[in-house]
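Report on the following structure.
The chains referred to below are lettered A, B, ... by the order of the sequence lines, with proteins before strands, and numbering in each begins at 1. Computed from a predicted structure; not experimentally measured. Any value given below was found using the heavy atoms of this structure, including those in side chains, with hydrogens, waters and symmetry copies removed.
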There are 2 protein chains.
Amino acid sequence: MKKLGARHENLDFKVYGKLKSMIVDRRLEPGDKILQEKLARELGVSRTPLMCALKKLEQEKLVRAVPRRGFYVRLFTREEVLEAFELREVLEGLAARRAAESISPAEAETLRGFFRDADFSDGAEGIRRYADEDRRFHRYLIELGGFGLLRDILENYNIITVSGCADDMEGLVRHPRETLPEHEALIEAIASGRPEQAEKVARRHFHRSRQQLLRDLKRERRAGPRRSGTARGGAPGPAAKRAGGS
Amino acid sequence: MKKLGARHENLDFKVYGKLKSMIVDRRLEPGDKILQEKLARELGVSRTPLMCALKKLEQEKLVRAVPRRGFYVRLFTREEVLEAFELREVLEGLAARRAAESISPAEAETLRGFFRDADFSDGAEGIRRYADEDRRFHRYLIELGGFGLLRDILENYNIITVSGCADDMEGLVRHPRETLPEHEALIEAIASGRPEQAEKVARRHFHRSRQQLLRDLKRERRAGPRRSGTARGGAPGPAAKRAGGS
DNA sequence: AAAGTGAATAATGTATGCAAAATTCGCTTA
DNA sequence: TAAGCGAATTTTGCATACATTATTCACTTT
């Protein structure tokens, strides 16, 4: 068997990536019908690779396929956002455990670097920086503890993004002053190689965020019932990539 | 918005199902290259829906796609089987918790019916019956506690099937006399509505199976290194549908 | 004017066609 | 005879074509 070189990237793969970011960045709005011909022309490809990409996105629940009608950009319900958080609770809990089991001294050092340098004082800019750091941190955590299948699930199902639909505070559910100590405890548990503790802390972290989200949604519901976690408004300038912070 | 009727089932969906069962039943052997033209003719469709189906199966890791080369039936490594078990540990743990949170009296009755009627004495036939019951039980558990995303993950990624590649004893990892009490404890925890307990018991159940599997695999490795969890031998008569028991 | 009807239009699902890449196979050469 | 090379064949990736089904819109009817 020859080397599995094959660095070629099929068109449907590229289209898949483009579409994904278009959806995440809200350049395609939830509920929108996807006109294949138009989109294909827009992307400069034929309908064949576009179809493939859409089918993949369907499996990830980012679009909805209705047999003889077409594809629609998915619109997440409150329940689904909460479900996603529930899944993150156990999946990132597992990732934290695995990370703690296998962490190297160098990785521990990198991990301890998170939330250290920057200044996260209360200003809006500080919160933004914190939210970014939060995302980087969780991505690194998944990198550390997310072996094949787990990483795929977390990436493919785009659970993070799904959760991200609940975006107060730059996508954060709770204020940094509340979550920073939890992050620090999680970092320490992993870096010092205590799997049980790491999983426990990670799960508690997500559990609390989920509870907060639940309260938020209930309050929002009482205030004024809307369809989705986020308003439908157009893309605000250079749409920042959102990915649900905890 | 009209009713979302549309009972039409696209060809790629049917092909997807057919292929899936062909892989699970080992009518397509791991490592085999998939010749699109041939398979398409065999299934009586063109290559277009076949491609779509294959792409979906690729996401589920049942086939491997190499860009300019083609699709290959996937072959699972020991590590992946163990990973799958690790995931079942947390995911079915979550399902058990959810089930305990929301179970109705009628469902509790159904649940308590599992592992009750039949005779699982030690004969080979008894073990087979037990393995079947085990699969039904876990499927029902997922039905109870597996809301949308969780169910999709468990079904789509076919984690059960993946795990099923480790098949001693009709697909069981441990002997009924060891797992029956665990199943009974799990049933009782869920049926009596104790979420924490249910999750704990479920996780311990899978954890133990994983440990056993780990031992088995180590032993097998010492004995004689093989590529996959299962031998490559031809399909034995009416290939029984396997789905990893715990 | 509102509702219903049917032709015109558009969009989907699938098959087919074609160029580019990979594989195979026979031939040459050492 | 084994290894190396190049043409022939196969196969993939993508575009396009076409039939079927959905949607739209003008028109009739009550």
Worked verdict on A:L57 versus A:F71 for side chain to side chain contact (heavy atoms under 4.5 Å, CB included): CA-CA 10 Å; A:L57 289 169; A:F71 292 89; over 6 Å; no
When rounded to whole Å, the CG to C1' distance for the pair B:L50 and D:dT12 reads 12 Å
Of the listed nucleotides D:dC14, C:dT12, D:dT12, the one nearest the side chain of B:Q36: D:dT12
Write down the distance between NZ (A:K33) and C1' (D:dT24), rounded to a whole number of angstrom. 12 Å
Just the rounded figure in Å: distance from P of C:dA11 to NZ of A:K38. 10 Å
Quick one: A:R69 CZ to D:dT23 C1', roughly how many Å, whole number? 10 Å
Could you please spell out the steps behind the side chain to side chain contact (heavy atoms under 4.5 Å, CB included) verdict for B:L54 and B:L39? CA-CA 11 Å; B:L54 285 171; B:L39 223 180; 5.6 Å; no
Output the rounded distance in Å from CE (A:M51) to C1' (D:dC14). 14 Å
Which residue, B:K61, B:E60, B:Q59, forms the side chain to side chain contact (heavy atoms under 4.5 Å, CB included) with A:D152? B:K61
Dot-bracket line, read 5' to 3' along DNA chain C, where crossing pairs take [ ] and | marks a partner on another strand, Watson-Crick or G-U under 3.5 Å: ||||||||||||||||||||||||||||||
A:D132 vs A:R136, salt bridge (charged side-chain N to carboxylate O under 4.0 Å, His left out): CA-CA, chis, key distance, verdict: CA-CA 6 Å; A:D132 281 350; A:R136 272 194 298 274; 5.1 Å; no
Which nucleotide in C:dA11, D:dT12, C:dT14 has an atom nearest any side-chain atom of A:L35: C:dA11
Show the numbers, then the answer: is there a side chain to side chain contact (heavy atoms under 4.5 Å, CB included) between A:L82 and A:T77? CA-CA 9 Å; A:L82 283 170; A:T77 64; over 6 Å; no
What does the list of N/O pairs under 3.5 Å between the protein and nucleotides 16-20 of chain D look like, with a distance for each?
residue: D:dT16; atom: O4; partner: A:T48; partner atom: OG1; Å: 3.3

Mapping A:V45 and A:Y72 onto DNA chain D by nearest heavy atom, which one lands closer to the 5' end? A:V45
Measure CG/A:L11 against P/C:dA19 and give the value in whole Å, please. 17 Å
